[in-house]
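All remarks here apply to the structure that follows.
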Amino acid sequence: MIRRITALGLVLAFVCAAPAFAKKEPVTLMMATTTSTDDTGLLPVLAEAFKKDTGIELKWVAVGTGKALEHGKNCDVDVLLVHAPAAEKKFVEEGSGVNRTEVMYNDFVLVGPAADPAKVKGKKADEALAAIAAAKAPFVSRGDDSGTHKKEQSLWKVANMPVPDKESWYASAGQGMMATLSMAGERGAYTLVDRGTYIAYDDQAKGKPALVILVEGDKPLLNQYSVISINPEKCKNVKFEAAETFRKWLASAKGQKVVGDFALKGKKLFTPNAAKQ
């Protein structure tokens, strides 16, 4: 009798303890990010390394930064990886996001046909835009409220010029960066692009792109990327713990190494800078 009770106790103890050893349900984190992080091929590399370290699967929608911020406001995603600092800070100030953390940067470049009809090569960014406007040389804008589009608009202001609208030489693509580059190439036009996407574009063209870099290295062309967790007080169903895990991981030595090691044809596309904050 004692043996039977003991055996039953062991069975009950095992059943009660079983949940402690049960495998946790996999977590999927949804991120809104920019087309530049997607077009360059960085995201799959980040996602693989992040899942290996944390077990969390990262999925994303790649859109312009303006649209990404809208996804955040609408509680459609858990975390953002974007590159429009002024808009990001406003997003946080309004209570939609928390813990904005700068994690990496590259720079924007002004590209155009090698013939350079507006003679902008080597000029500062604002001088180049003024020259393009004066020459009425074709220019294709992202026109999609993306981080690149916001940067372009700010550069027109730096040049003390109104942002072009209905000028015959100025066109809005309303599309992602690769599509904008293709459109500009077909038209022999100038456009603004982040360096990482341009490197990917140059690679796809096998080193013979329709557009070449004409303006670079100017301080206003810095392109900073940040991670922002969606505010759980505003979005009750957000996976805040997983979002914070990703934010901290990307800013950690491991995440920063993944960013710093990422290259295409031996060219680094992003520079990690979380440690410098």
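Values below: every heavy atom of this structure, side chains too, minus hydrogens, waters and symmetry copies. Sequence positions, counted from 1, serve as the residue numbers for this chain.
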For the side chain of D218 and the backbone of A125, is there at least one donor-acceptor N/O pair under 3.5 Å apart? yes

Residue pair V212, L214: steps toward the side-chain contact (heavy atoms from CB on, under 4.5 Å) verdict: CA-CA 6 Å; V212 298; L214 296 169; 3.9 Å; yes

Keeping the roles fixed (side chain from S172, backbone from G174), state whether a donor-acceptor pair exists under 3.5 Å. no

So that I can tick it off, tell me whether D145 and K67 are bridged by a salt bridge, with the cut-off set at under 4.0 angstrom between side-chain N and carboxylate O. no

Is there a donor-acceptor pair under 3.5 Å between the side chain of K234 and the backbone N or O of N74? no

Would a 4.5 Å heavy-atom cut-off, applied to side chains only, mark V193 and M177 as touching? yes

Around atom CD of E48, are there more than 12 heavy atoms of other residues, nucleotides or ligands at under 6.0 Å? no

For the pair E102 (side chain) and N273 (backbone), establish whether a donor and an acceptor sit closer than 3.5 Å, ignoring hydrogens and angles. no

Closest heavy-atom contact between A49 and V258? CB-CG2, 3.8 Å

Of the non-hydrogen atoms in G196 and N106, which two are nearest, and what is the gap between them? N-ND2, 3.4 Å

To the nearest 0.5 Å, how far apart are CD1 in I132 and CH2 in W156? 6.0 Å

Side chains of Y190 and D116: do they bring a donor and an acceptor to under 3.5 Å? yes

Which heavy atom of Q256 sits nearest to which heavy atom of A251, and what is that distance? CG-O, 3.7 Å

Give a yes or no answer on whether the side chain of N223 reaches the backbone of D194 with a donor-acceptor pair at less than 3.5 Å. no

side-chain contact (heavy atoms from CB on, under 4.5 Å), that's the test. Do V140 and E186 meet it? Break it down for me. CA-CA 11 Å; V140 177; E186 291 169 359; over 6 Å; no

Electrostatic pair R142:D144 at N-O distance under 4.0 angstrom: yes

Decide yes or no for S36 and H83: does some side-chain heavy atom of the first lie under 4.5 Å from some side-chain heavy atom of the second? yes

Tell me whether K268 contacts the main-chain N or O of G260 through its side chain, where contact means a donor paired with an acceptor under 3.5 Å. yes

Identified side chain to side chain contact (heavy atoms under 4.5 Å, CB included) partner of L81 from the options V103, T34, L58: V103

Non-hydrogen atoms of F240 and N99 that approach each other most closely: CZ-ND2, 4.3 Å

Step by step, work out the side-chain contact (heavy atoms from CB on, under 4.5 Å) result for L42 and L269. CA-CA 9 Å; L42 174 65; L269 276 66; over 6 Å; no

Would you confirm whether E88, through its side chain, and A84, through its main-chain N or O, come within 3.5 Å as a donor-acceptor pair? yes

Can you tell me which residue among L250, V227, T271, T37 is in a side chain to side chain contact (heavy atoms under 4.5 Å, CB included) with M104? T37

Would F139 and Y170 count as a close aromatic pair, with their ring centres under 6.0 Å? yes

Spell out, as yes or no, whether a donor-acceptor pair under 3.5 Å connects the side chain of K239 to the backbone of T28. yes

L221 to L192 - nearest heavy-atom pair and separation: CD2-CD1, 4.2 Å

Where do Y201 and V111 land on the side-chain contact (heavy atoms from CB on, under 4.5 Å) test, with the steps shown first? CA-CA 12 Å; Y201 165 77; V111 300; over 6 Å; no

Close aromatic pair by centroid cut-off 6.0 Å: Y225 and Y105: no

With a 4.5 Å limit on heavy-atom distance, are the side chains of I228 and V79 in contact? no

Are F50 and V45 co-members of a hydrophobic cluster defined by side-chain heavy atoms under 4.5 Å apart? yes

Rounded to the nearest 0.5 Å, the CD atom of E94 sits from the CG atom of N231 at a distance of 12.0 Å

Under 4.5 Å between side-chain heavy atoms, counting indirect links through other Ile/Leu/Val/Met/Phe/Trp/Tyr residues: same cluster for F246 and V259 or not? yes

With no hydrogens and no angle check, is any side-chain donor or acceptor of E216 less than 3.5 Å from a backbone partner on F108? no

Using a 3.5 Å distance criterion without hydrogens, assess whether the side chain of E244 forms a donor-acceptor pair with backbone atoms of E241. no

Under 4.5 Å between any side-chain heavy atoms of R195 and I213, yes or no? yes

